[in-house]
Number of protein chains: 2
Amino acid sequence: MTAALFTKPPTAQEAVLAEMRRLLVTGELAPGTPIRQEALADRLGVSRVPVREALKVLEGEGHVEYSPHRGYVVAELSVEDLVEVYRLRELLEAEAIRVAVPKLTPTDLEAIELAAADVTAAGLRADLADVTTANRAFHFLLFDAAGLPRLSRTLRQLWDATDVYRSVYFAAPANRSRVNDEHDELIAALRVGDVRAAIAAQAAHRAHSVEAVSNALTT
Amino acid sequence: MTAALFTKPPTAQEAVLAEMRRLLVTGELAPGTPIRQEALADRLGVSRVPVREALKVLEGEGHVEYSPHRGYVVAELSVEDLVEVYRLRELLEAEAIRVAVPKLTPTDLEAIELAAADVTAAGLRADLADVTTANRAFHFLLFDAAGLPRLSRTLRQLWDATDVYRSVYFAAPANRSRVNDEHDELIAALRVGDVRAAIAAQAAHRAHSVEAVSNALTT
DNA sequence: AAAGTGGATATTGGATCCAATTTCGACTAG
DNA sequence: CTAGTCGAAATTGGATCCAATATCCACTTT
């Protein structure tokens with residue numbers, strides 16, 4: 001029995017999926033553009049088969065839209081969509097926090113604080129990709145602590161849907177520093193087990209980002 | 001230009017998907033059983049390719065679980081899962097009703113009443129499949145009236161997840177008649193635009209079915 | 001007998017090839 | 001000049017074939 005020493009060579013449709021996600025959040029695959037399967041396959045050095053399977057996954061997540069015999073196009077995200085996603089997050093994240101907070105162990109809290117530090121560190125390095133992944137890890141440590149897999153899954157879908165815009169949000173240094181303060185506030189509430197304060201902190205956190213992003217969208 | 005006169009011959013991976021959904025809700029593909037792609041493909045008279053694409057969709061919806069190089073197995077649904085699904089439905093259906101009720105037009109209401117009549121009719125014929133589809137149509141006429149596509153989509157996923165058990169629920173004639181009463185109560189609330197009453201009716205509706213189904217699961 | 005090892009078999013992953021459909025442009029008719 | 005039609009090219013859908021991995025079983029070793 002050998003331990004997993006190196007990053008396992010994944011099953012390659014996963015590689016395609018990961019790369020396509022990157023293309024989507026960086027905007028290299030811009031909303032509205034049709035996806036040419038063969039071109040994409042060539043670019044990634046694989047055949048069309050794994051590309052098509054990855055597209056089916058992305059379709060399920062709402063990142064691309066599909067019409068039979070017409071193919072896939074990158075989904076557009078309107079301001080209304082954005083607002084809707086954030087409203088659904090409001091409802092579901094509140095539930096996650098209600099359930100999770102009473103269950104939080106000191107170990108959980110420690111992990112969450114470490115994750116917050118990661119966000120800060122990535123922010124100081126101005127590494128946008130790292131900030132977004134660290135930020136996501138931070139929040140989902142809390143959400144997952146609720147122990148409700150279906151809820152976590154749904155929240156992940158909602159976060160995924162607006163990932164494109166989170167990088168935009170974190171591009172502004174002011175936003176990066178504000179996020180740190182908001183994380184600290186949330187952590188303070190978690191430490192004392194104050195559900196209401198935690199929900200409020202998370203709500204304020206969301207409100208700021210949805211405001212910033214929808215401004216960016218409308219202008 | 002010819003009008004679409006007959007049910008268009010769909011793109012065949014859709015056919016596979018539809019048939020697999022049927023196999024899942026009827027239990028012919030029972031929870032926990034591994035899915036042999038080739039056997040399934042032979043049975044459906046197609047190659048493995050469309051089967052694999054359909055499986056990716058079902059994986060995204062949580063109906064099957066996937067491990068690289070190990071394949072797909074039909075997902076198990078525990079009582080905890082069931083309770084979680086219903087809790088999420090509670091949160092999201094309440095929101096759908098809050099938004100939809102003030103927007104309901106007389107036309108909407110008429111359609112909803114017709115759908116309720118369909119449920120009753122199918123119930124009298126004791127046609128389980130028709131009852132479940134009519135029941136679903138009834139509820140989603142209301143949910144969709146909210147005009148929130150992402151919410152509708154998420155609710156559909158949650159309903160899909162427990163579709164297996166809804167047929168079980170409707171198998172009992174007592175449940176079928178109770179459902180009709182509950183639908184009438186909901187409609188009465190919709191008619192007078194009473195959001196609170198509508199939410200309450202929907203909640204009672206859910207509570208009865210989750211109770212019946214979880215009893216069936218534990219015994 | 002228990003545990004580990006090697007290899008045959010079954011199953012999934014991916015590539016290539018062919019069929020079906022759509023798209024787009026040239027051409028014709030009005 | 002516009003509308004319509006036909007057909008070639010592009011694109012997706014599906015089938016078949018080969019490769020990679022996992023599973024299972026006989027066999028060896030202690």
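Chain naming here is simple, since letters A, B, ... match the order of the sequence lines and numbering starts at 1 in each. Only a predicted model underlies this, so the values are computations on that prediction, with no experimental measurement involved.
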[X] [atom1] - [N] [atom2] separation (whole Å):
{"X": "B:L44", "N": "D:dA15", "atom1": "CG", "atom2": "C1'", "value": "15 Å"}
{"X": "A:D42", "N": "D:dT11", "atom1": "CG", "atom2": "P", "value": "12 Å"}
{"X": "A:Y72", "N": "C:dT21", "atom1": "OH", "atom2": "C1'", "value": "15 Å"}
{"X": "A:E38", "N": "C:dA15", "atom1": "CD", "atom2": "P", "value": "12 Å"}
{"X": "B:R48", "N": "C:dG14", "atom1": "CZ", "atom2": "P", "value": "11 Å"}
{"X": "B:E53", "N": "C:dT12", "atom1": "CD", "atom2": "C1'", "value": "15 Å"}
{"X": "B:I35", "N": "C:dG13", "atom1": "CD1", "atom2": "P", "value": "12 Å"}
{"X": "A:L40", "N": "C:dA15", "atom1": "CG", "atom2": "P", "value": "14 Å"}

Tell me whether the side-chain N/O atoms of [X] come closer than 4.0 Å to OP1 or OP2 in [N].
{"X": "B:R70", "N": "D:dT23", "answer": "yes"}
{"X": "A:Q37", "N": "D:dG13", "answer": "yes"}
{"X": "B:Y66", "N": "C:dG13", "answer": "yes"}
{"X": "B:R36", "N": "C:dT12", "answer": "yes"}
{"X": "A:Q13", "N": "C:dG14", "answer": "yes"}

Between [X] (side chain only) and [Y] (backbone N and O only), is there a donor and an acceptor less than 3.5 Å apart?
{"X": "B:E84", "Y": "A:R150", "answer": "yes"}
{"X": "A:S78", "Y": "A:D81", "answer": "yes"}
{"X": "A:D108", "Y": "A:T105", "answer": "yes"}

**Item:** Selected nucleotide, minimal atom distance to A:H69 side chain, candidates C:dT22, D:dA15, C:dA15
**Value:** C:dT22
**Shortest non-hydrogen contact from B:Q37 toward B:V51** = O-CG1, 4.4 Å
**Prompt:** Who are the ring pair (Phe, Tyr, Trp, His ring centres under 6.0 Å) partners of B:Y66, not counting sequence neighbours?
**Reply:** B:Y72
**Message:** Closest-nucleotide mapping onto DNA chain C: is B:G71 or A:S47 further toward the 5' terminus? I mean the 5' end.
**Reply:** B:G71
**Message:** Once hydrogens and angles are ignored, does a donor-acceptor distance under 3.5 Å link the base of D:dG14 to the side chain of A:R52?
**Reply:** yes
